[in-house]
2 protein chains.
Amino acid sequence: MPKETFFNLPEDKRERIIDIALDEFSHFDFQSASISRIVAAAGIAKGSFYQYFADKEDLYRYLFELAGQKKGEFLAQNPPEPEMDIFSYLYWLAEKGVEFEMSEPKLSQMGYRALNSGGMPPEFLSSARTMTAEFFKQLIANGKEQGHIDPDIDADLAAFFFNTIFSELGQYMFRRLAADDHGRTGNNEAFFRSAEARAIVGQTINILKSGMGKRS
Amino acid sequence: MPKETFFNLPEDKRERIIDIALDEFSHFDFQSASISRIVAAAGIAKGSFYQYFADKEDLYRYLFELAGQKKGEFLAQNPPEPEMDIFSYLYWLAEKGVEFEMSEPKLSQMGYRALNSGGMPPEFLSSARTMTAEFFKQLIANGKEQGHIDPDIDADLAAFFFNTIFSELGQYMFRRLAADDHGRTGNNEAFFRSAEARAIVGQTINILKSGMGKRS
DNA sequence: CGGTCATGTGACCGATCAGTCATATGACCA
DNA sequence: TGGTCATATGACTGATCGGTCACATGACCG
């Protein structure tokens, strides 16, 4: 946790530091990210940084938690309709996930790096990773109970599928946008509300549904 | 490319250097991997290293190419039956891929890191990445022609699915083995030839087949 | 023997890093 | 005014890095 000094900072200064730190950690993994670059870019003294944070890891953990918290808030602000079946719920989750990645690209990119480029304290990864894995497993268990998921599907493997596809989907859509966008608006938000984007997300869910849904 | 000096080395010395370098690059990404650690572990002088390789990147590219080459050789030694339909071919590819990862864990881990932990010359990633993407797209086009893949499936999205699942499957099975293996043999090779492993690979392909196969 | 040439060596260079600390600033209060 | 206290500062430390270079070694040849 950052020190009290950090939270006593004027909001704009605090936010500038966060923003610049996210820039650094979305471009480099934990080891390669540089506190020296961050303080230089933020225009603060090295010593000041260490008035705010205990060390590099303190900042990193804080940003990581911030990402999780912001995503939670984002999802809470756009709640799913109650009583959705599992694949409608997954559609909602994927769509909101992609929207979040577009509205908070630095935060998302840094979270993605944190989870996928290894090299930090084991619990860091594994606690977050197992949490999402458990979440998907629970979802699958429910789906089986409600008869929406083929009971013969290996729950662990299905969780792997969801986890993998969901964590990569945003990156994929971003790459695809960049490739398609031959000098177009460059307005990601707009694109990701477009019919085309919805269609890709929809087809993703349909593949999963056909692949794992209950034979009827 | 390494210098001639490197290839003039006695085979055991050359292989020890490669092995130790793979150890380093399978644990750290390009930026964080350390030539100093490699030469210390290999028991050679820093200056000697630079008699063999132009620089860090030279070694990295060489190992990366070696990984691709070894995998190619591995697949060539266990060729698929001719005239397989696309999903049988994918099963073969997944099974051999997992077997390769188990027989050459350092090489595979280093290749995985190279592709997934970003931060090196763009062509490095993107040329390898687009190559495999094109490979899968071609496979999908063939599958559509032969009536094995639903023609309504977005080929690009399907390639993303294959690419993503295939690149993560080995890692997943490794994690799952480690979790299941509560003090068992620790013999990965044996496990990955087991009926259980084959069943997981089989179900993976079945999910993809049900998800994208032609409706009949 | 002396000369040549590929190979081996490790001290050294300049850069960069995370983190520290003595000191400075400046707001607030007595 | 003078004292106190949270905050700001940047020179500094010790470590590590990738890469260089002047020199050592030793095999082969005349």
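To find a chain, count down the sequence lines: A is the first, B the second, and so on, and within it residues start at 1.
One interatomic measurement links the two molecules: CZ of A/Phe53 to P of D/dA8, which rounds to 12 Å at whole-angstrom precision. A straight line from CD of A/Glu24 to P of C/dA18 spans 8 Å, rounded to a whole angstrom. In this entry the distance linking CD1 of A/Ile17 with C1' of D/dA8 reads 12 Å, nearest Å. The distance from atom CD of A/Gln51 to atom P of C/dA24 is 16 Å, rounded to the nearest whole Å. Atom P of nucleotide C/dA18 and atom CZ of A/Phe28 are separated by 11 Å, given to the nearest angstrom. Put simply, CD on A/Gln31 is 11 Å from P on D/dC17, counting in whole angstrom units. Note: CG (A/Leu59) to P (C/dA18) measures 11 Å, nearest angstrom. The distance between atom NZ of A/Lys3 and atom C1' of C/dT20, rounded to the nearest whole Å, is 11 Å.
In this model, the phosphate group of C/dT9 is approached by a side-chain N or O of B/Ser48 to a distance below 4.0 Å at OP1 or OP2. Look at A/Ser36 and you'll find a side-chain N or O under 4.0 angstrom from OP1 or OP2 of C/dA18. Between A/Tyr52 and the phosphate of D/dT7, there is no side-chain N or O to OP1/OP2 separation shorter than 4.0 Å. Proximity of B/Ser34 to the phosphate of D/dT16: no side-chain N or O atom is located under 4.0 Å from OP1 or OP2. A close approach under 4.0 Å does occur between a side-chain nitrogen or oxygen of B/Asn8 and OP1 or OP2 of C/dT7. Side-chain N/O atoms of A/Lys13 include one lying less than 4.0 angstrom from OP1 or OP2 on D/dA8. An OP1 or OP2 oxygen of D/dT20 is reached within less than 4.0 angstrom by no side-chain nitrogen or oxygen of B/Tyr50. Dashed line: the shortest gap from a side-chain N or O of A/Arg37 to OP1 or OP2 of C/dC17 is under 4.0 Å.
Out of C/dT9, D/dT9, D/dG18, the shortest distance to the side chain of B/Ile44 is found at C/dT9. Across D/dT9, D/dG19, C/dA18, the shortest atom-to-atom separation from the side chain of B/Asp55 is found for D/dG19.
Note: A/Tyr172 and B/Phe160 have parallel aromatic rings, judged against thresholds of 30 and 60 degrees for the angle between ring planes. The aromatic rings of A/Phe135 and A/Tyr89 sit tilted relative to each other, their planes meeting at an angle between 30° and 60°. Using a 30° and 60° split on the angle between ring planes, B/Tyr62 and B/Phe6 fall in the perpendicular class, above 60°.
Note on A/Ala33: only backbone sugar-phosphate atoms sit closer than 4.0 angstrom, heavy atoms only; bases stay farther off.
Side chains of B/Asn8 and B/Thr5: no donor on one and acceptor on the other come within 3.5 Å.
Between the side chain of B/Lys56 and the base of D/dG19, no donor-acceptor pair under 3.5 Å is found. For A/Lys46 against C/dA18, a side-chain N or O and a base N or O form a donor-acceptor pair under 3.5 Å.
We find the CD1-CG distance between A/Ile38 and A/Leu59 to be 5.5 Å, quoted to the nearest 0.5 Å.
Counting non-hydrogen atoms of neighbouring residues, nucleotides and ligands closer than 6.0 angstrom, the NZ atom of B/Lys71 exceeds 12 such neighbours.
Along DNA chain C, the nucleotide nearest to A/Phe30 and the one nearest to A/Gly47 differ in position, and the one closer to the 5' end is contacted by A/Phe30.
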